[in-house]
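The block underneath contains the structure these notes are about, expressed in structure tokens.
In each ligand, atom 1 is the first atom listed, and ligand 1 is the first ligand listed. Atoms considered below: every heavy atom in the structure, side chains included; atoms not considered: hydrogens, waters and symmetry mates.
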Amino acid sequence: MQDYREFLAEILIDENTLQTRIRQLAEEINRDYAGEEVLLICILRGALPFLVDLMRHLNVRVAIDCMAISSYGTGARASTGNVRVTYDLQTNIAGRHVLLVEDIIDSGHTIAHVLEMLHTRRPKSLRVCALLDKESRREAVVPIHYRGFVIENKFVFGYGLDIDEYYRNLPFVGVVDLQKYKSE
Ligand code: IMP
Ligand code: MG
């Protein structure tokens with residue numbers, strides 16, 4: 001596997017900046033859900049590190065569940081809008097405050113599909129918390145209640161975000177130099 005330093009164009013958001021912002025998001029969530037219970041839903045696999053770091057700063061009652069969505073195409077290709085649930089929730093969300101936790105919102109098709117599907121299950125509330133927002137790429141209308149960073153339209157990796165399923169473990173968000181990245 002290629003060393004990421006060979007194709008890292010720049011570190012877009014370093015570890016400290018990520019963690020500081022995540023703490024701020026958690027404070028907002030603590031205020032908004034004070035006295036309530038919230039069910040965090042991790043959109044696998046990209047939101048894993050974000051959800052883990054976020055929930056450690058939450059002081060409201062928290063439960064978690066996971067869901068996996070596949071939008072066709074791998075690597076540095078954009079989502080097509082062709083979205084499918086590959087692993088569904090194990091929790092009944094009816095009457096509960098649900099907060100979807102996502103790594104990045106690009107076209108918005110993935111999260112729009114998930115929102116539509118979960119609405120039919122009658123949660124008490126349904127909100128979105130996204131670490132990154134490629135706002136200029138939006139095709140679907142998506143309400144983002146908690147947003148970490150608005151970023152430019154560049155392919156990013158690290159801190160949950162993959163390139164062909166690797167590099168999710170890096171503690172920062174970096175920009176890929178697509179000329180230098182060699183897919184195996
Ligand atoms: P959307 O449906 O176009 O909003 O796509 C959202 C999904 O595409 C995210 O959950 C990511 O898995 C993936 N994605 C979009 N942009 C990037 C990126 O720059 N790096 C890695 N994955 C990305
Ligand atoms: Mg994802």
If the plane angle is over 60° it's perpendicular, under 30° parallel, otherwise tilted; pick one for Y33 and Y146.
tilted
F157 vs F7 aromatic rings, parallel, tilted or perpendicular, using cut-offs 30° and 60°?
tilted
Should L100 and R127 count as side-chain neighbours, where that means a heavy-atom distance under 4.5 Å?
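When only atoms from C-beta onward are counted, R127 and L100 do not touch, as no gap falls below 4.5 Å.
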Between R96 and E37, does at least one N-O distance fall below 4.0 Å, as a salt bridge requires?
yes
[X] to ligand 1, any heavy atom closer than 4.0 Å:
X    : value
K154 : yes
F157 : no
G108 : yes

Numbered atoms and elements of ligand 1 in range of [X], under 4.0 angstrom, heavy atoms:
X    : result
E102 : 10 (O)
K134 : 16 (N), 17 (C), 18 (C), 19 (O)
T110 : 1 (P), 2 (O), 5 (O), 6 (C)
D162 : 21 (C)

Which of D103, L132, I11, T17 passes side-chain contact (heavy atoms from CB on, under 4.5 Å) with V173? It is L132
Distance-only N or O hit between ligand 1 and V156, under 3.5 Å
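Min N/O separation from ligand 1 is below 3.5 Å for V156.
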Counting only heavy atoms, which portion of L161 has something under 4.0 Å from ligand 1: side chain, backbone, both, or neither?
side chain
Taking non-hydrogen atoms only, is R137 closer than 4.0 angstrom to ligand 1 via side chain, backbone, both or neither?
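Neither; nothing of R137 gets under 4.0 Å from ligand 1.
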Determine, step by step, whether E27 and H57 satisfy the side chain to side chain contact (heavy atoms under 4.5 Å, CB included) criterion, reporting the C-alpha distance in whole Å, the side-chain angles of both residues, the deciding distance to 0.1 Å, and the verdict.
CA-CA 8 Å; E27 282 164 16; H57 300 295; over 6 Å; no
Nearest heavy atom to atom 7 (C) of ligand 1: which of L12, I105, I104, V114 does it belong to?
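Result: the heavy atom closest to atom 7 (C) of ligand 1 is in I104.
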Give a yes or no on whether the backbone of Q90 and the side-chain of D65 come within a donor-acceptor separation of less than 3.5 Å.
yes
Please check this pair: side chain of S107 against backbone of H109, looking for a donor-acceptor N/O pair closer than 3.5 Å.
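Checked: pair present.
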